[in-house]
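Here's the structure, in structure tokens; my notes come after.
Quick note: numbers below take in every heavy atom, side chains included, and nothing from hydrogens, waters or symmetry partners. All of these numbers come straight from a predicted model, not from anything done at the bench.
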Amino acid sequence: MARGVPARCLRCFLVRILLLLLAAMLRPSAGQTNLKSPQDIQVYAVNTNFTLRWNYTGNDTDVTFSAEYRWFEDFEPSETEWKELRGCQNVTLTECDFSSAITKYDDIHHLRIRAERREEVSPWSSIFEMIPCFIAQIGPPGIELQSTNGVIKIKVSSPEANQDQKMWINDLIFNYNLVIWENSSNAELRSQRIVPVQIIDDLAPDTTYCLKVQAIIPPESQGLFSPTHCIKTTRKVNDLPCATNLSVFALNMEFHLHWNNKYKQHISYNVQYLFAYLKMLYDDHSMKWRNVIGCKNITDTQCNVSSVVTTVSGIYLRVQTMGEYNKSCLSKEIKVDPLITNEIGAPGIRLDISDALLHIQISPPGGSQREVMRHHYDLAYRILYWKNSSHDAEGIQMKETKQTIGTVPNLTSSTLYCVKVQAFSKAYNKSSPFSKEECIKTPGDKILPLIVLATFVTALVVVLLVAALLSFALYQVYDKIKYVFFPSCQPPLNIEGFGEQVFISPYLSATEEQIENCFIIETTITEANQIDFEDYKHSKQSSRDSGNYSNEDNSSGSKVSEEMIEKGTI
């Protein structure tokens with residue numbers, strides 16, 4: 001008999017050994033009596049219904065039985081005193097129902113029982129320890145059946161639908177398993193998982209089918225089957241062909257629904273969806289289907305349904321075939337679990353070489369859905385790289401990383417390296433195709449670049465030295481030219497511009513010097529006048545020696561001489 005262990009009961013196991021020791025210490029000693037103690041105590045629990053059963057081997061008559069209990073809450077012995085177990089006092093049978101006495105389903109309980117006859121009592125039995133939620137079995141669910149248009153509609157109710165006290169956390173934790181068979185001598189049983197409101201199709205018309213249902217708490221806890229129900233199917237009255245073979249193809253979170261229709265009638269299609277969580281409810285969801293935007297009144301047998309697929313919850317899809325005279329037919333439903341149905345596409349890669357490393361830049365698959373893919377799939381990457389020879393790939397090496405950047409060290413110079421990358425998800429056991437192969441060649445030997453660098457530096461130094469020497473030579477030439485044509489020395493102020501004569505540089509050639517024209521005048525003069533004239537000539541010669549020359553023409557010079565002669569004759 002399979003039993004489940006809800007999560008809230010796990011804490012009880014931590015103190016199990018301690019409580020066993022405590023129970024042994026508190027076990028009562030046997031008293032002096034002729035009555036035997038009950039033996040083989042067992043508790044049978046279905047949901048919140050508890051039955052205590054035991055064996056009694058004594059031959060005594062008029063014997064009754066009474067039981068006591070205590071419980072331990074939150075790892076502390078909050079109720080160590082034994083109390084009478086309601087429903088199990090002075091019973092004459094070897095079982096009793098004590099469901100009303102148990103209200104703490106996840107606490108440890110101790111039970112004991114003894115035999116009684118008037119004033120005589122037997123010793124207490126050994127202590128039976130239990131955790132109600134651990135030993136309780138899931139009860140059978142309730143079912144309602146309806147036969148319509150060649151199918152059977154089944155509505156399931158929770159195993160605890162009609163109970164005030166509930167053993168399980170809520171009704172939504174249950175899954176349901178259906179077993180159905182044709183009511184005949186050689187019938188084959190068919191089993192399938194169903195939701196609380198389910199349509200059972202693929203049935204023969206005018207045929208009686210029997211079925212039963214059990215509730216399940218994933219992953220292992222299986223409950224009791226419901227009583228068997230039988231119902232007869234009707235004939236299908238819809239003549240319009242329905243869409244068949246619904247399938248979903250998904251790549252990088254892009255979902256496309258495809259279907260078949262082998263009839264060539266003028267028909268159109270509506271693709272409808274229903275969020276999967278609505279089917280987990282116990283309400284009728286038949287009126288909650290919605291049309292997919294862009295997939296209404298289409299004639300093609302495929303449509304993009306990505307707009308209604310989310311990663312939060314799965315969805316159900318179906319196709320409604322629309323024909324003339326408002327006839328329609330609903331296809332079978334198909335469930336889409338997005339992260340399971342979706343396939344991972346190949347990633348993109350880009351190669352670069354720097355710092356003696358091969359850098360591999362990985363673009364996650366998914367395009368605009370990259371973040372959704374990386375977050376939900378927790379993608380990792382498998383990198384294959386090798387040296388590409390003239391014949392074929394050799395020495396393939398592999399490394400895995402969760403980063404989108406990978407590096408390959410210890411590269412060989414002047415070698416062509418090729419790389420391809422695959423994305424994969426361990427959680428969903430999915431992997432993508434390998435990316436397109438990319439190759440890159442490493443640079444040549446490092447000695448040649450060093451030689452080139454040394455040559456460049458040497459040439460640069462030589463050029464700088466030559467430029468410095470040339471600059472120095474040009475400066476010297478410039479300095480001489482400036483000294484010759486633009487002297488820094490100026491003549492004294494007392495002779496500057498004297499007689500407005502032009503300054504003649506001593507560096508000029510003799511051909512460029514101005515030569516004063518002299519004339520000899522033969523006349524009879526007195527000795528005194530002759531002396532004065534000689535004085536004048538001497539003054540003139542001194543003036544010429546000093547470098548001060550007159551700018552006046554020859555006529556001016558003759559005029560001055562004549563005036564001085566006239567002064568001498570007067």
Side-chain angles (χ1 to χ4, degrees), residues 1-31 37-56 64-116 121-139 159-160 163-170 173 217 220-224:
M1 183 179 298
R3 297 173 180 174
V5 183
R8 63 181 183 177
C9 298
L10 295 179
R11 63 189 180 88
C12 302
F13 293 100
L14 301 177
V15 295
R16 189 177 185 91
I17 297 177
L18 177 63
L19 294 177
L20 288 174
L21 295 175
L22 181 61
M25 294 174 60
L26 298 177
R27 182 176 297 175
S29 60
S37 299
Q39 299 175 352
D40 302 327
I41 298 178
Q42 296 293 329
V43 172
Y44 296 89
V46 177
N47 295 336
T48 58
N49 300 314
F50 296 91
T51 301
L52 178 65
R53 295 177 181 173
W54 61 92
N55 290 330
Y56 184 70
T64 60
F65 303 94
S66 296
E68 294 181 341
Y69 78 107
R70 63 183 179 187
W71 78 90
F72 302 89
E73 183 177 11
D74 296 332
F75 302 100
E76 297 292 336
S78 58
E79 292 290 342
T80 57
E81 296 296 330
W82 289 96
K83 293 183 178 181
E84 291 184 353
L85 186 63
R86 294 194 304 271
C88 295
Q89 299 297 312
N90 301 320
V91 296
T92 58
L93 302 176
T94 56
E95 66 175 40
C96 60
D97 187 336
F98 63 100
S99 303
S100 60
I102 304 299
T103 58
K104 306 290 185 179
Y105 301 120
D106 54 358
D107 293 336
I108 297 178
H109 290 69
H110 287 171
L111 302 174
R112 66 182 184 181
I113 191 171
R114 67 183 180 184
E116 300 173 343
V121 295
S122 71
W124 289 103
S125 66
S126 60
I127 294 176
F128 179 84
E129 180 183 284
M130 73 167 186
I131 304 173
C133 64
F134 176 70
I135 67 172
Q137 243 186 325
I138 305 172
E160 296 183 309
Q163 296 182 1
D164 296 332
Q165 296 290 333
K166 294 184 180 294
M167 173 68 66
W168 320 111
I169 298 175
N170 59 65
I173 67 173
I217 298 179
E220 297 179 347
S221 303
Q222 298 181 358
L224 302 175

Task: Residues T51, V43; criterion side chain to side chain contact (heavy atoms under 4.5 Å, CB included); working and verdict - done: CA-CA 6 Å; T51 301; V43 172; over 6 Å; no
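- A donor-acceptor distance shorter than 3.5 angstrom exists from the side chain of Q89 to the backbone of A67, with no hydrogens or angles considered.
- Taking the ring centroids of F72 and H110, they lie under the 6.0 Å cut-off.
- Put simply, the side chain of I131 does not reach to within 4.5 Å of the side chain of D107, judged on heavy atoms.
- The CZ atom of F50 lies 12.0 Å from the OH atom of Y69; values are rounded to the nearest 0.5 Å.
- A search for side-chain hydrogen bond (donor to acceptor under 3.5 Å, both in side chains) contacts involving S37 returns nothing, not counting sequence neighbours.
- T64 contributes atom OG1, which lies 9.5 Å from atom CZ of R114 (distance to the nearest 0.5 angstrom).
- Considering only heavy atoms from C-beta on, W168 comes within 4.5 Å of N47 through its side chain.
- Among residue pairs with one or both ends in residues 85-96, those qualifying as salt bridge (Lys or Arg N to Asp or Glu O under 4.0 Å) are R53-E95; sequence neighbours excluded.
- Atom CZ of residue R112 and atom CD of residue E129 lie 15.0 Å apart, to the nearest 0.5 angstrom.
- Atom CD of E68 and atom CD1 of I127 lie 10.5 Å apart (nearest 0.5 Å).
- Contacts of F65 classified as ring-ring contact (aromatic ring centres under 6.0 Å, His included), with partners at least two apart in sequence or in another chain: W54, Y56.
- Between the CE atom of M167 and the CG atom of N49 there is a distance of 9.0 Å, given to the nearest 0.5 Å.
- Atom CD of Q163 is surrounded by more than 12 heavy atoms from other residues, nucleotides or ligands within 6.0 Å.
- Screening I41, I102, I108 against M130 for a side chain to side chain contact (heavy atoms under 4.5 Å, CB included) leaves a single residue, I102.
- Note that OG of S125 and CG of L111 are 8.5 Å apart. Values are rounded to the nearest 0.5 Å.
- Scored by the side-chain hydrogen bond (donor to acceptor under 3.5 Å, both in side chains) test, N55 finds D40 as partners (sequence neighbours excluded).
- Taking the side chain as every heavy atom from C-beta outward, I113 and S66 never approach each other to under 4.5 Å.
- With sequence neighbours excluded, no residue forms a side-chain hydrogen bond (donor to acceptor under 3.5 Å, both in side chains) with E160.
- Using a 4.5 Å cut-off on side-chain heavy atoms (C-beta onward), I138 and I217 make contact.
- Between N90 and E116, some side-chain heavy-atom pair lies under the 4.5 Å cut-off.
- With sequence neighbours left out, the ring-ring contact (aromatic ring centres under 6.0 Å, His included) criterion links F128 to no other residue.
- For the pair C96 and G87, the tightest heavy-atom approach, listed with the atom from each and the gap, is CB-O, 3.3 Å.
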